[in-house]
There are 2 protein chains.
Amino acid sequence: MTSIFHAADANHLLANLPVAERDAFMATCETVPLTFGETLFQPTETVTHAYFPIDSFISQIAILNADNRLEVAMAGREGMLGISLILGVEEAPMLALVQGAGSAFRIKAANLRRLLPDSPVLHQRLKRYIYVVMSQLASSVACNHFHRIEERLARWLLMTQDRANSDSLQLTHEFLAMMLGVRRSGITLAAIALQTRGLIRYHRGEITVVDRPGLIEAACGCYAEDCALYNRILL
Amino acid sequence: MTSIFHAADANHLLANLPVAERDAFMATCETVPLTFGETLFQPTETVTHAYFPIDSFISQIAILNADNRLEVAMAGREGMLGISLILGVEEAPMLALVQGAGSAFRIKAANLRRLLPDSPVLHQRLKRYIYVVMSQLASSVACNHFHRIEERLARWLLMTQDRANSDSLQLTHEFLAMMLGVRRSGITLAAIALQTRGLIRYHRGEITVVDRPGLIEAACGCYAEDCALYNRILL
DNA sequence: AATCGTCGGCGCGCTAGCGTACACAACGCG
DNA sequence: CGCGTTGTGTACGCTAGCGCGCCGACGATT
């Protein structure tokens with residue numbers, strides 16, 4: 001590799017680590033493909049691995065019961081899945097579903113635990129990431145409570161676009177309804193509104209972001225705040 | 001002190017620590033009184049202290065804007081305030097308001113930072129507490145979205161009662177409305193319903209829990225799940 | 001070219017909760 | 001004792017979103 005960028009840089013939490021830490025991590029991790037729809041964690045089950053997405057992304061979904069479920073967090077290249085392990089807990093808090101196929105670095109729980117005491121930079125970065133996720137969860141409580149479907153849909157599309165790194169997303173209204181915890185036809189109405197305003201275009205399971213700045217405008221402020229928080233704490 | 005219980009045991013996170021860790025903590029902390037309505041943290045401001053409530057309790061409130069605010073977490077004898085410090089971040093994520101007057105152990109940010117590396121039991125316990133709070137935040141996103149006011153009110157009263165250690169709570173409908181992020185008269189209706197069912201009694205700013213088991217029944221399952229999670233992870 | 005499953009548009013009646021506003025009762029203070 | 005303040009009950013019209021269900025259109029398969 002002649003580039004100054006190492007393969008590990010593909011995940012932001014692993015980028016620019018001290019060489020010793022990076023090598024130690026890469027020596028004990030493996031690269032795995034994740035397929036769309038794959039379940040990585042079931043709530044309360046034991047977490048055996050942590051995942052650091054490269055070009056995949058994962059939805060974390062809170063389940064109240066069969067009919068009441070909704071996405072509360074998303075992990076892509078900018079983050080990780082398996083926070084519990086950093087906190088010394090071996091159970092998964094929520095359902096983790098691969099929402100964007102791709103690959104990820106995967107590391108065994110025991111290896112990660114062994115690694116962290118000797119990787120102060122990584123360890124610190126992961127703890128700060130946990131802070132970001134917690135803060136975003138806190139504001140999501142308010143966002144899901146106060147903001148309407150159209151704003152939340154816009155926010156969700158932006159977050160997904162960031163992680164998918166593409167203007168075109170493979171998503172049905174049905175799926176979006178599950179993510180936002182609303183009715184399918186509620187999504188249809190919101191999507192029509194966004195399309196009419198020229199912000200997105202869609203057709204049978206494919207949504208294209210046409211006007212990203214406009215979409216940011218249409219989204220609730222929570223999107224911008226989430227970005228600002230991430231940059232403030234992790235960059 | 002002839003009792004086998006030490007003063008530190010008044011906060012569950014500090015109870016039954018190894019003597020060395022307990023002494024180190026108690027040597028650098030102070031006991032402070034907290035008065036009702038006091039603001040301990042403002043969002044994004046620097047956190048100078050962590051608090052371990054003894055018989056006080058503190059609401060953590062997410063603020064979207066002047067009109068849209070709602071409580072997302074509560075810290076009493078069973079927990080702490082100032083999680084950011086454990087994660088190596090010095091800013092506060094939310095507004096922290098004293099909701100039940102009483103006292104708390106208070107420790108300076110720098111002292112806590114210095115203490116933790118030599119206090120493995122406490123450190124581990126605090127990390128596991130963070131996991132509990134995160135999981136509760138995640139399910140709160142869903143709870144606030146799907147459950148109705150009456151169920152959420154019942155849950156909130158139970159959580160408050162646990163921390164206040166009293167059947168009688170000093171609360172106005174106005175205040176409850178702010179906590180749950182709803183209209184004042186929405187609380188009045190829910191309170192009437194609960195009183196009619198003989199679960200609570202209230203009068204001008206004082207609410208009394210009459211039938212706790214019944215109230216648990218009336219609350220959404222989130223209350224029981226929160227308790228179960230706490231016990232599973234921290235006991 | 002016919003078929004069939006998936007996806008999206010739409011309608012209908014309904015409910016929870018909103019914003020606003022007013023009235024009354026209890027309490028605290030001078 | 002009278003007064004203002006605070007807390008609670010209630011009413012009215014309104015909106016977002018629900019549950020349900022139907023239909024048409026698209027696209028893949030054969």
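Reminder, nothing fancy here: chain letters follow the sequence lines and each chain counts from 1. Note that these values count all heavy atoms, side chains included, but never hydrogens, waters or copies made by symmetry. The structure displayed is predicted, hence computed values, not measured ones.
A close approach under 4.0 Å does not occur between any side-chain nitrogen or oxygen of A:Arg183 and OP1 or OP2 of D:dG19. Under 4.0 angstrom from either OP1 or OP2 of D:dC26 there lies no side-chain N or O belonging to A:Tyr202.
Taking a cutoff of 4.0 Å between a charged side-chain nitrogen and a carboxylate oxygen, B:Arg152 and B:Glu71 do not qualify as a salt bridge. Taking a cutoff of 4.0 Å between a charged side-chain nitrogen and a carboxylate oxygen, B:Asp226 and B:Arg155 qualify as a salt bridge. Using a cutoff of 4.0 Å between basic side-chain nitrogens and carboxylate oxygens, A:Arg77 and A:Asp9 are not scored as salt-bridged.
For A:Arg204 against D:dC26, a side-chain-to-base donor-acceptor contact under 3.5 Å is present. For a distance-only test at 3.5 Å, the side chain of B:Arg184 qualifies as a donor-acceptor partner of the base of D:dG9.
Set against D:dC26, C:dC18, C:dC10, the side chain of B:Ile149 has C:dC18 as its closest nucleotide. Among C:dG11, C:dA21, C:dG8, the nucleotide with an atom closest to any side-chain atom of A:Thr172 is C:dG8.
No engagement by A:Gly186 is indicated, since no non-hydrogen atom pair under 4.0 Å with the nucleic acid exists.
In this structure, B:Gln195 places its CD atom 12 Å from C1' of D:dG9, rounding to the nearest Å. Distance A:Glu174 CD to D:dC26 P: 20 Å, rounded to the nearest Å. Straight-line distance from the CZ atom of A:Phe175 to the C1' atom of C:dT6: 16 Å, rounded to whole Å. Separating the CG atom of A:Leu171 from the C1' atom of C:dT6 is a distance of 15 Å, rounded to the nearest angstrom. At whole-Å resolution of the value, NE2 in A:His203 and C1' in C:dC7 are 10 Å apart. When the C1' atom of D:dG17 is taken as reference, atom CG of A:Leu176 falls 17 Å away, rounded to whole Å. Atom CD of B:Glu206 and atom C1' of D:dT6 are 16 Å apart (whole Å). Remark: P of D:dC18 and CZ of A:Arg148 are 13 Å apart, rounded to the nearest angstrom.
Residues A:Ala191 and A:His145 each lie close to DNA chain C; by heavy-atom proximity, the contact nearer the 5' end of the strand is made by A:Ala191.
A:Ile61 places a side-chain heavy atom less than 4.5 Å from the side chain of A:Ile63.
Judged purely by atom type and a 3.5 angstrom limit, A:Asp55 has no side-chain atom pairing as donor or acceptor with the backbone of A:Gly102.
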